[in-house]
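What follows is a short report on a single structure.
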There are 4 protein chains.
Amino acid sequence: MWLTIDLRSETAIYLQIRDQVIQGILLNELKIGESLPSVRQLAADLGINMHTVSKAYNLLKQEGFIQIHRQKGAIVNAPNSYQASEEYYEQLKKAVKPLIIESSCRGISKGYFYKICEQIYRNIGLLEKGG
Amino acid sequence: MWLTIDLRSETAIYLQIRDQVIQGILLNELKIGESLPSVRQLAADLGINMHTVSKAYNLLKQEGFIQIHRQKGAIVNAPNSYQASEEYYEQLKKAVKPLIIESSCRGISKGYFYKICEQIYRNIGLLEKGG
Amino acid sequence: MWLTIDLRSETAIYLQIRDQVIQGILLNELKIGESLPSVRQLAADLGINMHTVSKAYNLLKQEGFIQIHRQKGAIVNAPNSYQASEEYYEQLKKAVKPLIIESSCRGISKGYFYKICEQIYRNIGLLEKGG
Amino acid sequence: MWLTIDLRSETAIYLQIRDQVIQGILLNELKIGESLPSVRQLAADLGINMHTVSKAYNLLKQEGFIQIHRQKGAIVNAPNSYQASEEYYEQLKKAVKPLIIESSCRGISKGYFYKICEQIYRNIGLLEKGG
DNA sequence: GTGGTCTAGACCACG
DNA sequence: GTGGTCTAGACCACC
């Protein structure tokens with residue numbers, strides 16, 4: 001199972017699931033039209049409650065990443081369903097801004113910040129090839 | 001008053017205060033050794049609970065940005081007190097990673113992501129000159 | 001085959017079938033006394049479960065639109081079998097009311113709402129001529 | 001309490017709450033900036049579970065009708081937050097179409113359908129004056 | 001006090 | 001089998 005959660009993390013479990021499904025889509029571990037595990041199945045595998053998984057799936061549905069079919073369960077959407085919108089750009093900016101401000105305040109230069117981003121992008125790229 | 005909060009925001013008020021104090025330090029609106037408004041004062045000005053301001057100040061203290069004196073109140077520390085640590089790098093990475101993953105998944109290229117960051121850096125620079 | 005279903009729709013499949021059979025009757029694609037496809041046939045054509053088709057047919061029977069013969073299968077009834085009753089008026093009102101309320105709340109005027117209805121009626125009329 | 005639910009109804013409780021809150025906004029029983037009852041309060045008043053109310057409130061938030069403040073609870077938004085969008089028009093059409101088709105099939109003329117709508121609009125108008 | 005999250009277990013609609 | 005709804009009761013963060 002490619003999906004793991006950290007019960008000790010600050011991040012809510014349902015958000016961890018959401019983030020990892022998005023990562024799975026990006027890394028092509030989850031292909032368009034592919035099914036996610038059923039709510040009950042994933043809950044059992046992760047040792048958590050059904051409703052927590054359901055909440056994650058509903059959020060992903062609302063954000064356009066997946067569809068939820070009556071019987072077939074959750075299906076990965078095509079990219080056009082979750083293409084970045086104006087609204088998302090604003091949201092992204094709002095999320096990045098405080099990180100840049102704090103890191104700058106703590107003495108991290110723009111160049112160094114980009115170096116960190118570069119590491120993350122490289123990391124993703126490697127995973128994409130490996131996966 | 002340079003500090004404003006948005007009650008409608010998703011972000012907790014005490015975190016909004018924290019973020020803006022850090023921004024104030026970065027932009028040199030708050031200089032080393034300078035005092036922050038008293039807990040009572042700020043709470044009254046913003047029309048919020050004292051506990052909330054207190055929580056923000058305690059977090060800032062814990063993160064090394066300020067000291068809290070019984071008499072003089074909250075005082076801005078010198079940069080060496082909050083210089084980025086290994087721990088902070090890891091934390092920063094963990095915060096940036098899901099943003100990069102989601103934005104990539106939504107079709108935002110690395111170049112475009114950096115363009116957004118660049119805007120934010122420019123924005124801060126302008127404020128520095130202006131302030 | 002004039003009947004198509006959308007597996008991605010929120011609407012249950014058996015209700016989609018029901019709605020389209022009613023539309024077929026209205027547009028005279030299905031004439032009085034004409035047979036509907038057999039449960040097996042339709043299920044195979046649509047690639048869905050027999051139970052689902054069966055459920056739709058039973059609902060249509062219960063609502064007076066069709067009769068189900070052991071040998072001849074499902075047969076379209078004459079209009080007097082499904083003429084609007086007092087009960088149906090109430091049901092229709094209950095269905096329309098929340099739509100009018102929400103649309104009014106969202107700033108859609110009565111005139112505009114009627115304009116939307118007019119479009120739908122026109123659409124049906126065109127289909128009637130075309131079909 | 002202006003809000004009542006029907007436990008025997010086909011409509012899910014959380015949707016009944018949603019619909020009635022929207023009605024309350026339309027009829028100006030709930031004014032801009034006004035607070036809805038707290039999740040716990042309303043649940044207790046209606047004799048239902050907290051989560052059911054919470055689900056309704058979250059849906060209303062998502063649809064732009066209300067904001068959910070950390071401490072102040074749910075607050076009614078200004079109309080511009082839930083103005084009809086293109087997307088909503090399509091959704092409305094899709095909801096109205098099968099009602100028009102079935103009613104036409106059952107022998108209800110366009111004129112009579114509008115008469116029914118007229119009744120509903122009048123009903124709302126009277127309530128607006130009365131409330 | 002508020003809402004948010006999570007658990008545990010039930011019943012139902014759909015296919 | 002699937003997801004959707006509802007209940008009951010717990011703990012937490014925020015203010």
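Lettering follows sequence order; numbering is per chain, from 1.
Residue-to-nucleotide proximity on DNA chain E shows that, of Leu7(A) and Ser38(D), the 5′-proximal contact is made by Ser38(D). Comparing Leu15(C) and Arg40(A) against DNA chain E, the residue whose closest nucleotide sits nearer the 5' end is Arg40(A). Remark on DNA chain F: of its neighbouring residues Gln41(A) and Thr11(B), the 5'-side contact belongs to Gln41(A), judged by nearest-heavy-atom nucleotide.
Each salt bridge (charged side-chain N to carboxylate O under 4.0 Å, His left out) pair with one or both residues in residues 63-75 of chain B, not counting sequence neighbours, appears once here: Arg18(B)-Glu63(B). Evaluation of the salt bridge (charged side-chain N to carboxylate O under 4.0 Å, His left out) test over residues 8-17 of chain A, restricted to residues two or more places apart or in two chains, returns Asp6(A)-Arg8(A).
Within residues 47-64 of chain C, the residues approached by DNA chain E to less than 4.0 Å at the level of any non-hydrogen atom are Asn49(C), Thr52(C), Lys55(C), in residue-number order.
A donor-acceptor pair shorter than 3.5 Å can be found between the side chains of Asp45(B) and Gln41(B).
A donor-acceptor pair is defined here as one N or O able to donate and one able to accept, closer than 3.5 Å; no such pair exists between the side chain of Gln62(B) and the backbone of Leu59(B). Within the 3.5 Å criterion, the main-chain N or O of Leu99(A) finds a donor-acceptor partner in the side chain of Ser103(A). Tyr14(A) places no side-chain N or O within 3.5 Å of a backbone atom of His51(A) that could act as its donor or acceptor partner. Looking at Gln16(D), its side chain does come within 3.5 Å of a backbone N or O of Thr11(D) through a donor-acceptor pair. The backbone N or O of Asn28(A) lies less than 3.5 Å from a partner atom in the side chain of Lys31(A), making a donor-acceptor pair.
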Worksheet item: Can you give the dot-bracket line for DNA chain E, using ( ) for pairs inside the strand, [ ] for pairs that cross earlier ones, | for pairs with another strand and . for unpaired bases, where Watson-Crick and G-U count if both distances are under 3.5 Å?
Response: ||||||||||||||.
Practice prompt. Step by step, work out the salt bridge (Lys or Arg N to Asp or Glu O under 4.0 Å) result for Glu102(B) and Arg106(B).
Written response: CA-CA 6 Å; Glu102(B) 182 173 352; Arg106(B) 287 191 191 270; 3.0 Å; yes
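The outermost nucleotides of DNA chain F lying under 4.0 Å from heavy atoms of chain B, listed 5' to 3', are dC14(F) to dC15(F).
Listed by chain and residue number, Asn77(A) satisfy the side chain to side chain contact (heavy atoms under 4.5 Å, CB included) test with Ser81(A) (two or more places apart in sequence, or in another chain).
Between Gln16(C) atom CD and dC14(E) atom C1' there is a gap of 12 Å when expressed in whole angstrom units.
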